[in-house]
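First the proteins, then the strands, lettered A, B, ... as listed; each starts at 1. It should be emphasised that the depicted structure is a prediction, and the values quoted were computed from it without experimental measurement.
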Protein chains: 2
Amino acid sequence: MSSTRPTINDVAARAGVSKSLVSLAIRGSDRVSDESREAILRAADELGYRPNAAARSLADRRSRTIGVLLHDLHNPVFAQVLDGVQEIVRSHGYRTMLVTGHGDSQRERAELAALLDFQVEGLILISHRLDPALARQAARECPVVIVMRHDITGRGISTVCADDVRAGREAVEQLVSLGHSRIAHVSGGENRVAADREQGYREAMAEAGLSEHVLVEAGDFTEAGGRVAAARLLERDPGITGLVVANDLSALGAVVAAQEADRSVPSDLSIVGFDGMSLAALGSLTLTTMAQPLEEMGREAAERVFRRIDSPGARITHDQVVSSWLPRGTTAPAPG
Amino acid sequence: MSSTRPTINDVAARAGVSKSLVSLAIRGSDRVSDESREAILRAADELGYRPNAAARSLADRRSRTIGVLLHDLHNPVFAQVLDGVQEIVRSHGYRTMLVTGHGDSQRERAELAALLDFQVEGLILISHRLDPALARQAARECPVVIVMRHDITGRGISTVCADDVRAGREAVEQLVSLGHSRIAHVSGGENRVAADREQGYREAMAEAGLSEHVLVEAGDFTEAGGRVAAARLLERDPGITGLVVANDLSALGAVVAAQEADRSVPSDLSIVGFDGMSLAALGSLTLTTMAQPLEEMGREAAERVFRRIDSPGARITHDQVVSSWLPRGTTAPAPG
DNA sequence: CCAGCGCGTTGGAACGTTCCAACGCCCGAC
DNA sequence: GTCGGGCGTTGGAACGTTCCAACGCGCTGG
């Protein structure tokens with residue numbers, strides 16, 4: 001641990017050239033003679049030179065960094081979206097700087113501020129809970145792309161989202177086509193994603209002439225919440241044969257609740273989630289779900305950011321991806 | 001999106017003071033008069049001033065950032081460790097910069113280089129796969145703490161690990177005390193963590209006089225790997241009643257394999273994992289495991305980094321945390 | 001009444017890099 | 001033989017911040 005790191009000047013001195021030439025050589029310019037280049041790279045290597053990213057981004061006035069705000073890292077759904085983001089970001093020679101807000105607006109504010117202090121050139125926000133005011137404020141400083149929340153719009157905000165209403169409808173339609181009619185819903189709390197899925201549920205129930213069976217209990221997108229809400233539904237109406245649950249994580253909770261209520265899945269009770277998180281494919285019962293193309297959403301979001309970085313005048317966009325029915329182990333024809 | 005951001009000079013001009021005073025006021029120094037402070041903060045607010053982190057860390061020669069290299073974000077185990085890390089890092093007024101290496105040494109190298117370019121003041125490496133040479137090289141530039149891999153040592157490298165040999169032994173001992181004797185092992189591939197757990201398994205089997213029943217099949221710490229390896233074990237010796245699986249993720253795979261082989265868990269077959277990842281407590285069968293105090297390991301690692309940042313002469317340390325038996329739904333007394 | 005002190009404030013230097021205008025040199029063209 | 005052009009190279013300015021030595025002022029104590 002040398003007390004002080006070698007700088008570009010140390011390299012220049014050792015190689016017997018000017019710092020400007022070192023700068024060029026390090027960045028791989030072709031206007032450096034082979035002889036100089038070799039001497040410089042050798043000197044840099046011998047000294048263990050490492051360019052100072054802070055100085056670089058100061059002089060450059062670009063950080064080559066994209067900031068990503070994630071809801072949290074425990075729900076693997078976000079990790080999947082992030083994979084897509086990072087693939088594109090890396091391919092552009094940029095870095096990502098990752099923070100988590102846990103849906104806490106206080107913390108989101110602090111983390112976003114830190115990202116902006118770092119002069120990130122673009123921002124990708126991936127969370128179903130997200131303070132719209134913060135997003136709008138950030139959008140005044142750099143391009144912002146929001147994943148999952150199509151309802152947050154404003155100057156400088158692009159979105160990449162699924163059609164959650166439609167997905168909600170399809171979940172119901174698929175159960176109906178399996179012969180189910182008493183289909184209840186575990187919702188996902190106070191956010192637009194959950195509201196849309198619930199609306200889809202209600203619309204499809206009405207269209208199928210099943211309005212009388214509409215039954216909703218509020219969850220909160222967590223496993224524990226799904227478990228409690230599902231248990232309550234099964235108590236309120238033991239005749240339920242189908243359960244549409246607002247996301248995969250709470251659907252896993254609903255599976256537990258079903259077993260605790262001595263309902264066997266899927267023969268007695270079919271359960272459908274949303275998201276298509278890969279870990280839900282794992283375990284003894286693999287979850288049927290309305291899957292979103294998570295990695296693709298991440299890639300798309302990153303592409304949108306770069307398009308706006310590259311041409312600052314570019315129009316903001318609102319992309320919609322399609323969810324798809326992924327039948328696995330928790331759905332079956334209605335009993336009887 | 002103003003074409004150019006306000007700087008400290010703009011704030012100074014607007015508030016009618018010098019940039020030095022603005023700098024002091026922004027950082028909350030008490031040697032600024034109330035009057036000046038108020039004028040400065042108001043001007044900063046009106047202009048939407050935001051300190052430039054790059055300039056700051058350049059002038060300061062400290063980044064107030066801790067770099068964290070994670071294996072990947074999909075295994076929730078790493079997210080749990082990270083939670084502990086971030087708690088401590090935030091409490092010190094620092095930030096974390098997060099990258100993932102996916103056990104690919106090429107990528108690890110690039111990501112570590114990026115972190116060091118950023119002048120991170122400390123580095124926490126959390127991965128069971130990790131190139132020791134890279135860790136040692138990084139340790140020449142800043143304090144390094146490795147979580148999970150006690151075998152990687154060297155100048156400037158501290159470690160925070162569980163005693164995996166001991167955990168491996170205890171997993172076997174617990175099964176033995178439940179009456180099991182035909183206990184097989186799914187290992188975790190070519191890394192020290194897996195090797196230690198396997199060694200513990202072998203030692204405990206020998207001590208219990210069960211050497212003749214030692215049976216090992218290699219997995220790779222993934223769900224798919226665990227599933228395949230477990231299936232092979234059950235085919236090689238259908239008499240197996242206990243399975244010690246190298247980590248929770250592959251243990252979940254083993255549960256699937258058991259069901260595919262028509263063995264019911266836990267009545268026919270007991271399965272034990274390692275790690276104590278929270279998502280394994282979820283779903284229909286909750287996994288019995290040798291749990292590590294994951295968040296605590298993260299906190300401990302971060303504490304160690306800061307101790308060495310604060311007093312550069314501090315000795316490097318090698319901490320050991322204790323794993324504990326967490327009986328849940330996949331273990332039961334031996335059949336018959 | 002003056003020296004000395006403390007306090008709030010200031011300008012300039014430094015941090016390590018990139019960019020830019022300008023340099024000297026060699027070569028080919030007239 | 002001179003001139004112009006290209007090429008490799010150079011020093012200085014800039015980026016936005018923090019640190020430091022030093023400033024002027026009013027106050028206090030002798």
Side-chain angles (χ1 to χ4, degrees), chain A residues 2-41 43-44 47-65 93 114 116-121 141, chain B residues 2-41 43-44 47-65 93 114 116-121 141:
Chain A
S2 56
S3 61
T4 161
R5 276 210 202 165
T7 75
I8 205 173
N9 286 304
D10 301 322
V11 177
R14 183 170 191 119
V17 298
S18 72
K19 64 173 176 26
S20 304
L21 201 57
V22 173
S23 174
L24 288 173
I26 293 290
R27 285 175 295 158
S29 159
D30 57 355
R31 31 179 47 203
V32 178
S33 69
D34 292 346
E35 194 185 3
S36 300
R37 180 194 324 286
E38 201 183 325
I40 290 169
L41 294 183
L47 291 174
Y49 169 72
R50 170 184 299 295
N52 181 322
R56 187 173 265 184
S57 90
L58 181 60
D60 240 18
R61 260 160 311 173
R62 350 188 19 184
S63 58
R64 291 170 192 285
T65 301
L116 291 169
D117 286 358
F118 251 99
Q119 315 264 106
V120 292
E121 296 177 39
E141 307 197 33
Chain B
S2 56
S3 62
T4 160
R5 276 211 202 165
T7 75
I8 204 173
N9 285 304
D10 301 322
V11 177
R14 181 170 193 119
V17 298
S18 71
K19 64 175 176 23
S20 305
L21 202 57
V22 174
S23 173
L24 288 173
I26 293 291
R27 285 175 296 158
S29 159
D30 57 356
R31 28 179 51 202
V32 179
S33 70
D34 292 346
E35 193 185 4
S36 300
R37 181 195 324 286
E38 201 183 326
I40 289 168
L41 294 183
L47 291 174
Y49 169 71
R50 169 183 298 296
N52 180 321
R56 186 173 265 183
S57 91
L58 181 60
D60 239 19
R61 260 161 310 175
R62 353 188 15 184
S63 58
R64 292 173 192 282
T65 301
L116 291 169
D117 286 358
F118 249 99
Q119 315 265 105
V120 292
E121 295 178 39
E141 306 195 34

d(A:Arg37 CZ, A:Leu24 CG) to nearest 0.5 Å is 9.5 Å
The first and last nucleotides of DNA chain D lying within contact of chain A, meaning any atom under 4.0 Å from one of its heavy atoms, run from D:dG8 to D:dG16
Determine whether B:Arg5 and A:Gln119 satisfy the following criterion, side-chain hydrogen bond (donor to acceptor under 3.5 Å, both in side chains), listing intermediate values before the conclusion. CA-CA 10 Å; B:Arg5 276 211 202 165; A:Gln119 315 264 106; 2.6 Å; yes
All heavy atoms of A:Val11 vs all of A:Ile40, minimum pair found to be CG1-O, 3.9 Å
Residues passing the side-chain hydrogen bond (donor to acceptor under 3.5 Å, both in side chains) test with A:Arg27, sequence neighbours excluded, are A:Ser23
So, with a heavy-atom separation below 4.0 Å from DNA chain D, the residues of residues 23-35 of chain B are B:Ser23, B:Arg27
Sorted by chain and residue number, the ring pair (Phe, Tyr, Trp, His ring centres under 6.0 Å) partners of B:Tyr49 (sequence neighbours excluded) come out as none
The side chain to side chain contact (heavy atoms under 4.5 Å, CB included) partners of B:Ala55 (sequence neighbours excluded) come to A:Leu58, B:Asn52
When all nucleic acid strands are considered with a 4.0 Å heavy-atom cut-off, which category describes B:Ser36: base, sugar-phosphate, or nothing? sugar-phosphate
Residues passing the side-chain hydrogen bond (donor to acceptor under 3.5 Å, both in side chains) test with B:Ser33, sequence neighbours excluded, are B:Ser36
Hits for side-chain hydrogen bond (donor to acceptor under 3.5 Å, both in side chains) against A:Ser18, two or more places apart or cross-chain, chain-then-number order -> none
Contacts of A:Asp60 meeting side-chain hydrogen bond (donor to acceptor under 3.5 Å, both in side chains) (sequence neighbours excluded), chain-then-number -> none
Axis-to-axis angle for the helix from C:dC1-D:dG30 to C:dC30-D:dG1, ends of five pairs each, to 10°, equals 50°
Note: contacts of residues 11-20 of chain B with DNA chain D (heavy atom, under 4.0 Å) are B:Lys19, B:Ser20
The complete set of salt bridge (charged side-chain N to carboxylate O under 4.0 Å, His left out) pairs with one or both residues in residues 7-24 of chain A, sequence neighbours excluded, reads A:Arg14-A:Glu46
Applying side chain to side chain contact (heavy atoms under 4.5 Å, CB included) to A:Ser57 and not counting sequence neighbours gives A:Ser63, B:Ala54
Looking at B:Phe118, is its backbone amide N or carbonyl O close enough to the side chain of A:Arg50 to form a donor-acceptor pair, meaning the two atoms are under 3.5 Å apart? no
